[in-house]
There are 2 protein chains.
Amino acid sequence: MSRRLERTRRAVAEASLIFAALGDPTRLGVVARLSAEGPLSITRLSEGAGVTRQAISKHLQTLAGAGLVHDVRVGRERIWELETARLQLARRELDRISAEWDAAIGRLKAFVEEER
Amino acid sequence: MSRRLERTRRAVAEASLIFAALGDPTRLGVVARLSAEGPLSITRLSEGAGVTRQAISKHLQTLAGAGLVHDVRVGRERIWELETARLQLARRELDRISAEWDAAIGRLKAFVEEER
DNA sequence: ATCATGTGCAACCTCCAGGTTGCAAAGGTA
DNA sequence: TACCTTTGCAACCTGGAGGTTGCACATGAT
């Protein structure tokens, strides 16, 4: 397999992990709350989330697994913060896909022009 | 509930749909292939995908449900194309989250400064 | 020392996402 | 018409995602 394909596979696997983490309404809601209110504890995040604290806890694990958040222990609390660098990575992937598509469409148009 | 919160909920629901669609490796692979090679038929997309044509077909339905692709019938084939506008929407959501987080952190720092 | 609060761990349940196989149908082609 | 190709439909299977409850364990406050 070519180096290029290999790299694409890795990028896809990596990016899909991030997108999957953001792909659940409850989880994206947690991310939105963090972004709006800043660092928060598990209990705080649970309030008004519509699900159990345990559920939120699991979701935070998932988000952490994708590198989207990290925690800091403060006394008996566990404060969670966003990892914006990771979000940027996802953003760049979206940009790359858009750009490649535009290029592909460009080539296609040129080809059609040439044919007729 | 405030208008602002209402809007946020909608945005979250909408965006999580898109992220969920991109959150599967096979599906993101399809998106990547489309972006790299341009419009393709179901059969073409299935070749070298590692799964059945039926599986790819289902994935395309999911992507279409999220508004990320649309199809054009050409003879007996069904050609699928990317919907980059939808990708941009997801990108903007990521940007918004990052920006809000930065603002929240900024407020937090100002608060800490003031306290001591 | 006692009590309240924040979190972790584990067992459990339910449902559906992702995949398969098999067959029918529609549209090109010789 | 007969044939090949591309797609659609339906039934089916399985693992894990998302959720819950119950209890144990730290840690801070009184």
J.: If you pin B/E77 and B/K58 to their nearest nucleotides in DNA chain D, which one's is more 5'?
T.: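 In this pair, the answer is B/E77.
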
J.: Does a side-chain N or O of B/T26 approach OP1 or OP2 of C/dG18 to a distance below 4.0 Å, or not?
T.: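 No, no such contact exists.
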
J.: Go through it in stages, so that I can follow the logic: the residues are A/S16 and B/L22, the test is side chain to side chain contact (heavy atoms under 4.5 Å, CB included), and I'd like the CA-CA distance, side-chain angles, deciding distance and then a yes or no.
T.: CA-CA 6 Å; A/S16 73; B/L22 297 172; over 6 Å; no

J.: Is there a donor and acceptor pair, one atom on the side chain of A/R76 and one on the base of C/dT7, closer than 3.5 Å?
T.: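 Check fails, no donor-acceptor contact within cut-off.
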
J.: Can you tell me how far P of C/dC16 sits from CG of A/D24, to the nearest Å?
T.: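 A/D24 atom CG is separated from C/dC16 atom P by 14 Å.
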
J.: Within this structure, what is the CZ-to-P distance between A/R73 and C/dG6, rounded to whole angstrom?
T.: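 Taking atom P of C/dG6 as the reference, CZ of A/R73 is at 13 Å.
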
J.: Could you state the atom-to-atom distance from CD1 of B/I56 to P of D/dT6 in whole Å?
T.: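 So the two atoms are 16 Å apart, to the nearest Å.
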
J.: In whole angstrom, give the distance that lies between atom CG of A/L60 and atom C1' of C/dG6.
T.: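 Nearest whole value for this atom pair: 14 Å.
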
J.: Would you say CZ of B/R86 has more than 12 non-hydrogen atoms from neighbouring residues, nucleotides or ligands within 6.0 angstrom?
T.: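 Yes.
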
J.: Give the rounded distance in Å between these two atoms: NE2 of A/H59 and C1' of D/dG18.
T.: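 In whole Å, D/dG18 C1' lies 6 Å from A/H59 NE2.
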
J.: For D/dT20, does OP1 or OP2 lie under 4.0 Å from any side-chain N or O of A/T52?
T.: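 A/T52 to D/dT20 OP1/OP2: side-chain N or O found under 4.0 Å.
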
J.: Could you tell me how far apart A/Q54 (CD) and C/dC12 (C1') are, to the nearest whole angstrom?
T.: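 Rounded to whole Å, this separation is 13 Å.
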
J.: Is the phosphate of C/dG18 approached by B/R27 (side-chain N or O, under 4.0 Å from OP1 or OP2)?
T.: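 Answer yes for this pair, as a side-chain N or O of B/R27 is under 4.0 Å from OP1 or OP2.
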
J.: Looking at every strand, decide which applies to B/T62 at a 4.0 Å heavy-atom threshold: base, sugar-phosphate, or nothing.
T.: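 No contact at all - B/T62 keeps every heavy atom at 4.0 Å or more from the nucleic acid.
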
J.: Nearest to the side chain of A/I42, heavy atoms from C-beta on, is which of C/dT7, D/dT20, D/dA11?
T.: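 Of C/dT7, D/dT20, D/dA11, C/dT7 is nearest to the side chain of A/I42.
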
J.: Base, sugar-phosphate alone, or nothing: which one does B/R44 contact when heavy atoms must sit under 4.0 Å apart?
T.: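 Nothing, no nucleic acid heavy atom in range.
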
J.: What's the CD1-C1' distance between B/I79 and D/dT5, to the nearest Å?
T.: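 Rounded to the whole Å, the gap is 14 Å.
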
J.: Is it the case that more than 12 heavy atoms not belonging to B/R73 sit under 6.0 Å from its CZ atom?
T.: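 Enclosed: over 12 neighbouring heavy atoms sit under 6.0 Å from CZ of B/R73.
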
J.: Tell me: CZ of B/R53 to P of D/dT7, nearest whole Å?
T.: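 Computing the B/R53:CZ to D/dT7:P distance gives 7 Å.
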
J.: Return the 5'-most residue of the pair B/T43, A/V51 with respect to DNA chain D, ranking by each residue's nearest nucleotide.
T.: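 Closest to the 5' end, via its nearest nucleotide, is B/T43.
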
J.: Is it the case that one hydrophobic cluster holds both A/L17 and A/L28, taking links as side-chain heavy atoms less than 4.5 Å apart, direct or via other members?
T.: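 Different hydrophobic clusters.
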
J.: Would A/R91 and B/L94 count as a side chain to side chain contact (heavy atoms under 4.5 Å, CB included) here? Give the steps.
T.: CA-CA 7 Å; A/R91 211 199 67 142; B/L94 292 180; 4.2 Å; yes

J.: Which one, D/dG18, D/dT7, C/dT20, comes nearest to the side chain of B/S41?
T.: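 Closest nucleotide to the B/S41 side chain: D/dT7.
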
